[in-house]
Amino acid sequence: MKGADGVDTGLEDDLSVESWLVAAGRERQAGAPLNTPMIPASNFVLGAERVYARNEGVPGWQALEEILGGLEGGTAVSFASGMAAVAAVFEQIPADGLVALPIDCYQGVVALAEAGKGRRGWRIERVAVTDTAGWVRMCGVADLIWLESPSNPLLEVADLDRICAAPRKAGSILGVDNTFATPINQRPLELGADVSVHSASKFIGGHSDLLCGAVIARDGALSADLFRARVLAGATPGTLEAFLATRGLRTLALRLERAQTNAGALAERLVNHPKVSCVRYPGLKSHPTHAAAKRQLKGYGTIISFDVKGEAGDADGFCRRLKLIQHATSLGAVESTMERRASHRGQEHLPATLLRLSVGIEAIEDLWTDLEQALGGIVLE
Ligand SMILES: *Cc1c(COP(=O)(O)O)cnc(C)c1O
């Protein structure tokens with residue numbers, strides 16, 4: 001493994017993920033700081049390779065990209081946000097191109113695709129995450145095959161291994177939004193995807209304190225196109241954000257391990273709670289895509305979706321009674337958050353009482369006490 005300054009570290013490239021997260025993206029020369037410093041500079045003295053930050057990047061972005069690229073087996077390009085990363089991939093779709101999108105899909109991505117329908121003549125085909133034959137068919141005809149697995153918010157796991165192995169239309173891109181899985185639980189490029197995309201605002205940052213994103217591409221020409229898209233649109237990460245995302249990666253394995261253990265235990269308990277009607281967690285045997293999850297994910301993640309009995313008002317009241325768990329959107333942070341998804345515009349198609357709980361690293365019994373007291377306040381007729 002080479003250090004961030006190109007000096008050989010003497011470490012093997014096949015370090016375990018936990019060690020790679022800690023060791024990668026550091027400089028190696030005597031006297032170098034252990035952490036790549038933030039360099040708040042837009043321009044540099046002329047005469048060397050680095051001229052202007054938007055074009056050549058700054059060392060802090062490169063440290064982040066090195067860690068992510070090594071983790072997933074490709075070349076990473078970091079972006080200002082997850083959506084900026086997604087947009088750079090969608091930028092590759094030709095005019096009048098065909099885009100295959102999951103029915104259960106991050107709302108921002110759906111909105112981006114819809115915008116391209118009018119402006120660029122894209123045709124959009126929505127496919128159920130579980131419709132493997134539908135995805136295989138799309139692989140042969142679509143210009144962009146966009147998967148999200150596990151999906152948001154229903155946590156459906158696609159048969160990525162089968163879909164990625166299907167013959168693809170020449171020049172097409174198969175992309176996987178890997179935000180929910182994290183690079184620890186799933187590595188789409190190894191399954192045959194062309195790009196893996198992350199909102200680093202979620203698990204990678206891990207503290208709800210930044211917006212950042214990344215695309216990891218297997219093919220050098222495609223990663224060069226993505227880099228170019230970033231330069232053209234100027235969707236560069238902030239210096240502070242890249243630093244914080246890198247710092248977040250150092251503890252990703254620990255945070256995920258703890259939060260995932262919590263989530264598994266809470267999912268089992270929620271199933272048996274009299275005020276809860278439907279628990280969706282890939283680790284549950286009752287989950288519709290448990291088999292695919294078992295095959296493809298190293299761990300089942302930290303997100304649980306479930307319905308409470310009653311109506312939307314009961315679900316809202318439940319959220320408002322929470323004390324330890326934050327009533328907030330987003331996910332993947334150290335603190336647990338929960339919200340009623342259908343309360344957001346554009347999410348009205350979801351069950352009115354569907355709650356999405358992102359489980360954090362708090363003590364399991366404190367989380368359960370909070371859920372129980374808040375569920376206890378639901379009064380059923
Ligand atoms: C949050 C999220 C995004 C968008 O990322 P931002 O950093 O908020 O722009 C995309 N996909 C998924 C699955 C997400 O959860």
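Ligands are counted one by one from 1 in listed order, and the atoms in each one are counted from 1 as well. Every heavy atom of this structure was used, including side-chain atoms; hydrogens, water molecules and symmetry mates were not.
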Inset, instruction - Could you pull out every protein residue that has a heavy atom closer than 4.0 Å to ligand 1, ordered by chain and then number? - result: Ser81, Gly82, Met83, Tyr106, Asp177, Thr179, Phe180, Ser199, Ser201, Lys202, Cys212
Inset, instruction - State, with a plain yes or no, whether a side-chain heavy atom of Lys275 is found less than 4.5 Å away from one of Leu380. - result: yes
In terms of side-chain geometry, is the basic nitrogen of [X] or [Y] positioned less than 4.0 Å from the acidic oxygen of its partner?
| X | Y | answer |
| --- | --- | --- |
| Arg119 | Glu114 | no |
| Asp314 | Lys309 | no |
| Lys323 | Asp370 | no |

Which atom pairs, donor and acceptor, lie under 3.5 Å between side-chain atoms of residues 227-244 and protein residues at least two apart or in another chain?
| unit_1 | atom_1 | unit_2 | atom_2 | d |
| --- | --- | --- | --- | --- |
| Arg230 | NH1 | Glu65 | OE2 | 3.0 |
| Arg230 | NH1 | Ser78 | O | 2.8 |
| Arg230 | NH1 | Ser78 | OG | 3.3 |

Inset, instruction - Examine the side chains of Gln347 and Gln107 and answer whether a donor and an acceptor come within less than 3.5 Å of each other. - result: yes
